[in-house]
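Here's the structure we're looking at; comments come further down.
One-based numbering along the sequence shown.
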Amino acid sequence: MTPVILLAAQKESAEVTDWAARIGWVVGLGLFVALVYWLMREGWKWRGTLQSDLPELPTRPSPATTLDGDGKPPPAGMPSDPGTARLTMSGRYHGSTTAGQWLDRIVAHGLGTRSRVELTLTDAGLDVVRPGASDFFVPAGALREAVLGKGIAGKVLAEGGLLLVTWEHGGRLIDSGFRSDHAAEHTEWVDTINSMINKRETEGAR
């Protein structure tokens with residue numbers, strides 16, 4: 001065999017070997033990604049099981065679809081008419097955690113699902129509408145605090161980039177993180193929510 005033919009044969013063999021290695025690497029990477037996804041999914045399910053004692057989230061029924069439509073009446077203490085909106089916000093819901101523990105994500109009842117969100121604050125409470133995820137309502141009496149933050153449930157943003165609302169549900173304090181499409185709105189939300197809380201506490205102390 002001439003040197004030219006030998007060199008060509010060696011080059012072709014090397015190319016075949018390289019392709020085999022690449023295919024094996026891609027398959028291995030695919031299996032690794034699938035394993036990581038499965039572990040994350042099982043961890044999510046396990047966390048949800050641990051949080052199964054959390055009651056169903058409160059929702060504000062609409063009079064048009066409940067009381068006037070032969071539906072269920074509002075839960076005890078839940079207003080059918082929330083009153084005039086104090087503030088509204090369009091943005092994103094970034095998750096909920098145990099209060100003060102920004103990595104202890106709560107996933108029960110869909111609270112772990114990030115989504116778009118429409119917030120409405122009234123004297124009755126905070127109405128949280130989430131397209132593609134579970135809506136919920138935080139009665140005014142369950143609101144505990146509002147602050148500016150930068151991280152929740154593994155999501156980190158710029159300082160003040162999150163509106164963090166602390167509320168009580170099922171005997172547990174929960175932090176929920178929201179980001180407005182216009183971050184400058186956060187300060188007004190913090191001031192208004194805390195003002196409502198302070199007013200309620202002052203009236204209750206009389």
Side-chain angles (χ1 to χ4, degrees), residues 36-62 65-66 72 74-79 82 85 87-122 124-157 160-181 183 185-186 189-190 192-194 196-197:
V36 170
Y37 174 79
W38 180 82
L39 290 174
M40 291 175 61
R41 183 169 178 271
E42 290 301 305
W44 191 279
K45 290 169 60 178
W46 175 74
R47 183 174 288 271
T49 300
L50 291 180
Q51 298 166 356
S52 60
D53 61 328
L54 190 70
E56 289 288 336
L57 299 178
T59 56
R60 182 183 60 78
S62 167
T65 58
T66 55
K72 296 181 179 180
M78 188 71 67
L87 293 172
T88 60
M89 174 196 295
S90 295
R92 293 201 64 83
Y93 168 79
H94 283 290
S96 293
T97 65
T98 300
Q101 303 181 39
W102 77 291
L103 290 177
D104 187 16
R105 182 194 295 268
I106 296 177
V107 304
H109 308 306
L111 284 177
T113 304
R114 291 175 177 162
S115 64
R116 290 289 301 173
V117 71
E118 297 289 335
L119 293 183
T120 303
L121 180 67
T122 69
L126 181 64
D127 200 15
V128 183
V129 177
R130 301 190 296 156
S134 302
D135 301 337
F136 60 95
F137 182 81
V138 182
L143 291 170
R144 295 293 177 264
E145 185 183 26
V147 298
L148 296 178
K150 65 177 182 179
I152 191 168
K155 180 69 175 182
V156 180
L157 299 168
L162 279 176
L163 167 66
L164 297 178
V165 178
T166 302
W167 53 292
E168 184 175 356
H169 179 57
R172 180 181 302 187
L173 288 179
I174 299 172
D175 284 341
S176 292
F178 307 94
R179 178 173 175 81
S180 172
D181 290 335
E185 298 178 341
H186 293 168
W189 275 79
V190 168
T192 304
I193 291 176
N194 287 333
M196 288 175 57
I197 295 170

The complete set of side-chain hydrogen bond (donor to acceptor under 3.5 Å, both in side chains) pairs with one or both residues in residues 127-144, sequence neighbours excluded, reads Arg60-Asp127, Arg144-Glu168
CZ (Arg179) and CG (Leu157) are apart, to the nearest 0.5 Å, by 5.0 Å
| message | Keeping His186 on the side-chain end and Gly160 on the backbone end, is there a donor-acceptor pair under 3.5 Å? | response | yes
Original post:
Are any of the side-chain heavy atoms of Val128 and Leu119 separated by less than 4.5 Å?
Top reply: yes
* Asked: Has the side chain of Tyr93 got a donor or acceptor atom that lies under 3.5 Å from a matching backbone atom of Ser176?
  -> no
d(Ile197 CD1, Trp167 CH2) to nearest 0.5 Å is 13.5 Å
Exercise. Can you tell if the side chain of Trp189 reaches within under 4.5 Å of the side chain of Val165, non-hydrogen atoms only?
Worked result: no
Is the shortest heavy-atom distance from the side chain of Ile106 to the side chain of Arg172 under 4.5 Å? yes
Sequence neighbours excluded, the answer for salt bridge (charged side-chain N to carboxylate O under 4.0 Å, His left out) partners of Arg116 is Asp181
Thr166 meets the side chain to side chain donor-acceptor pair (under 3.5 Å) criterion, sequence neighbours left out, with Asp175
Check the pair Phe137, Thr120 against side-chain contact (heavy atoms from CB on, under 4.5 Å), reporting the backbone distance first and the verdict last. CA-CA 10 Å; Phe137 182 81; Thr120 303; over 6 Å; no
Indicate yes or no for a side-chain donor-acceptor contact from His169 to the backbone of Pro55 under 3.5 Å, with no hydrogens or angles considered. yes
Sequence neighbours excluded, the answer for side chain to side chain contact (heavy atoms under 4.5 Å, CB included) partners of Val156 is Trp102
Correct closest heavy-atom pair for Ala146 and Leu163 would be CB-CD1, 4.4 Å
In short, Ala108 meets Leu54 closest at the heavy-atom pair CB-CD2, 4.3 Å
Sorted by chain and number, sequence neighbours left out, side chain to side chain donor-acceptor pair (under 3.5 Å) with Glu56 holds for none
When rounded to the nearest 0.5 Å, the distance separating CG of Leu164 from OG of Ser96 is 10.0 Å
When every non-hydrogen atom of Phe178 is compared with those of Leu126, the smallest separation belongs to CE1-CD2, 4.5 Å
Counting C-beta onward and ignoring hydrogens, is there a side-chain heavy-atom pair between Arg114 and Lys155 closer than 4.5 Å?
yes
Between Gly112 and Arg105, the two heavy atoms sitting closest are O-NH1, 3.5 Å
Across all chains, not counting sequence neighbours, the side chain to side chain donor-acceptor pair (under 3.5 Å) partners of Thr97 are none
